[in-house]
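Structure record follows, encoded as structure tokens.
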Amino acid sequence: MKTIHPLFFPFFVLLVIGCASPKAKDSIIPEPQSMIPQKGSFRFNKQTRLYVNFQGERQQFLTHYLEAAIQPLTESLEPLENNGINLLLTTNRSDFPVGESYQLEITSARISITAADEAGLFYGIQSLLQVIDSTTPDTPSAQAVLINDAPRFPYRGIHLDVSRHFFDTAFVKKQLDAMARYKLNRFHWHLTDGAGWRLEIKKYPLLTEIAAWRPYKSWKEWWNGDRSYGAKEDSIAHGGFYTQEEVKEMVTYAQERSITVIPEIEMPGHSEEVLAVYPQLSCAGQPYINSDFCIGNEETFTFLENVLTEVMELFPSEYIHIGGDEAAKTGWETCPKCRARMKQEGLTDVDELQSYMIHRIEKFLNSHGRHLLGWDEILEGGLAPHATVMSWRGEAGGIAAVKSGHKAIMTPGEFCYFDAYQDAPANQPEAIGGYLPLKKVYEYNPIPNGLNPEEEKLILGVQGNVWTEYMPSPEHTEYMIYPRLLALAEGAWSAPENKSWPAFRNKALEEIKTLQAKGYHPFDLKNEEGDRPSSLTQGTHLALDKKVVYHQPFAEQYPAAGELTLTDGWMGGWSYQDHRWQGFSKNPLEVTIDLGGLTPIHEISATFMQNIGPWVWIPKEVTIQVSADEDNFRELIRIQSEVPQDVKGPFYTNFGWKGTTEARFIRYTAHPIDKAGAWIFTDEIVVK
Ligand code: ACM
């Protein structure tokens with residue numbers, strides 16, 4: 001924020017103003033481009049009027065919106081010099097070269113909001129509403145200020161998974177309201193997934209008669225149960241769906257608030273619920289076997305095109321999100337229809353088979369004037385010519401997309417997945433894993449290093465994702481969304497040079513009170529504990545900076561600091577994704593540390609993590625050996641883990657030896673449990 005303070009503001013004036021009114025609110029989330037405080041303040045009274053320089057539905061909507069938020073306002077047919085608000089849509093684009101930008105001027109006489117598009121005008125209103133002092137609702141006031149503001153990115157999104165748990169339209173509207181307040185403009189509605197289909201499709205009634213319901217209240221019970229579906233009429237049915245009328249209502253509600261709703265219809269994977277009720281679309285031809293559509297079957301394309309036709313009638317968005325993530329692809333290998341398709345199309349592997357499908361669906365969407373958006377797996381086997389990539393497995397997918405001239409939206413799990421813990425896991429409601437505190441969301445820059453200016457322009461923006469496996473209630477879901485949504489919004493809207501973590505944290509602390517007063521259920525930032533205490537400062541011990549030889553490799557995906565990791569003095573935080581934890585999955589951890597000379601030793605230990613959601617377990621066995629000459633090793637201890645494998649975590653267990661010995665070489669070995677794909681993670685081998 002470029003804040004210019006009045007040069008001369010005598011102390012007694014401050015005193016008088018201070019006594020006359022409570023302190024005016026003077027901060028906005030997201031931080032505006034330029035915000036220059038002026039002297040005085042505007043005070044609303046019963047005579048305050050409103051002038052809007054255009055007519056019609058939009059004028060009526062904005063009038064009602066302002067009246068609902070502030071107070072009744074008498075309409076004026078002339079621009080107002082005194083005691084009024086002017087909403088001015090200008091045709092002069094040169095003053096507002098960036099879409100959605102606005103100017104808000106508050107003086108003691110009047111308030112004027114000027115913009116070259118309706119979204120800009122709406123965002124000027126949002127800034128006004130944030131600076132209106134709501135502590136005196138009978139006589140609201142706003143500190144005089146001149147704001148010139150424009151967004152950094154055109155795409156500023158929030159995603160909501162309504163499959164794992166269903167949320168009603170009142171909940172959706174409430175989140176749209178908050179998105180509008182923080183100038184977020186894309187609502188990515190994850191409407192279909194294995195845990196339930198949520199959108200009425202007239203041509204395929206079983207999707208909502210059966211596939212939208214399950215005999216388990218929570219996703220967790222369903223996932224750990226038989227993962228079945230059931231009829232709505234069953235006494236134990238849980239779930240729900242949106243009727244087409246409700247969807248239209250949501251789309252309009254969002255549009256009025258300058259938000260585009262982007263529907264997501266998952267394909268070819270994450271489709272168990274469809275294949276349970278229309279099993280002829282799966283490779284097995286029977287329910288409850290496959291999670292992917294059969295791509296060899298023409299009926300699959302008929303179904304998907306029919307569904308997408310109804311979807312396009314409901315959602316006017318440029319983008320239709322077709323998922324594309326995490327297809328198992330296993331059924332395709334042996335399915336005669338898929339094999340025939342591969343042969344006929346000259347496809348060499350199942351990645352190309354998926355790509356064939358995405359290309360076909362893209363053609364269909366393009367022929368209806370729409371664009372395809374998909375998770376970054378749509379790159380595999382060859383990206384469809386006009387597709388936009390939503391990069392979630394890190395930034396690599398987004399980078400690859402823009403380097404090949406495609407557009408991308410950044411939503412990497414490490415920074416943008418609001419299903420991770422936001423504070424010390426032991427004191428938080430169960431989450432899927434990971435650790436994403438507010439500060440980390442705030443500090444995310446969606447433009448990766450190493451892009452040229454043309455490539456940078458292809459990064460449309462950023463999105464926060466709300467996967468709801470572990471969010472069984474509306475309150476819990478809001479707890480996971482807020483205040484992280486605010487941090488994402490500031491990253492999406494504000495120029496990097498205007499961002500400041502300490503300033504934002506203060507604003508967020510205040511805004512949390514406002515959210516609570518409005519009936520939201522945010523995480524209470526003021527009680528935040530923060531990251532794992534031992535990770536906050538570098539530790540020291542006898543093996544610090546000593547050479548480590550790996551007899552078995554660490555995993556490429558989780559190298560942490562490579563060969564320096566285990567003796568760099570840095571402990572990991574709550575999450576194995578924080579680049580401090582080193583991962584091993586296909587082989588054990590087996591390393592030798594050279595202390596450089598014979599050394600008296602009293603303790604050797606390492607900490608491991610268990611977090612079974614993402615397949616991370618405490619090792620089943622650890623051995624610690626020492627040697628004076630690197631040839632003859634002596635076992636100090638062999639530890640069989642007694643940690644139960646079904647305790648979800650995250651939790652942290654230390655495996656070590658204590659005693660008295662002397663050695664130069666230390667060999668530490670840790671074996672993963674006997675489960676294909678199981679991970680172990682450790683951060684440091686501490687020697688004392
Ligand atoms: C995803 O999180 N599977 C996109």
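Start at 1 and go down the list; that is how both ligands and their atoms are numbered.
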Return a yes/no value for H270: is any of its N or O atoms, backbone included, closer than 3.5 angstrom to an N or O of ligand 1? no

Heavy atoms of other groups near K337 NZ, more than 12 under 6.0 Å: no

Please determine, by modelled atom types, if H579 and E414 share a side-chain donor-acceptor pair under 3.5 angstrom. yes

Measure the distance from atom 2 (O) of ligand 1 to every protein heavy atom, then report the residue, atom name and distance (to 0.1 Å) of the closest one. Y417 OH, 2.6 Å

Can you label the angle between the F504 ring and the Y442 ring as parallel, tilted or perpendicular, going by 30° and 60°? parallel

Only heavy atoms of W467, strictly under 4.0 Å: list the atoms of ligand 1 that pass. 1 (C), 2 (O), 4 (C)

Using distance alone, decide if ligand 1 has a nitrogen or oxygen within less than 3.5 Å of any nitrogen or oxygen in D325. yes

May I ask you to check whether over 12 heavy atoms, not counting those of K363, lie within 6.0 Å of atom NZ? no

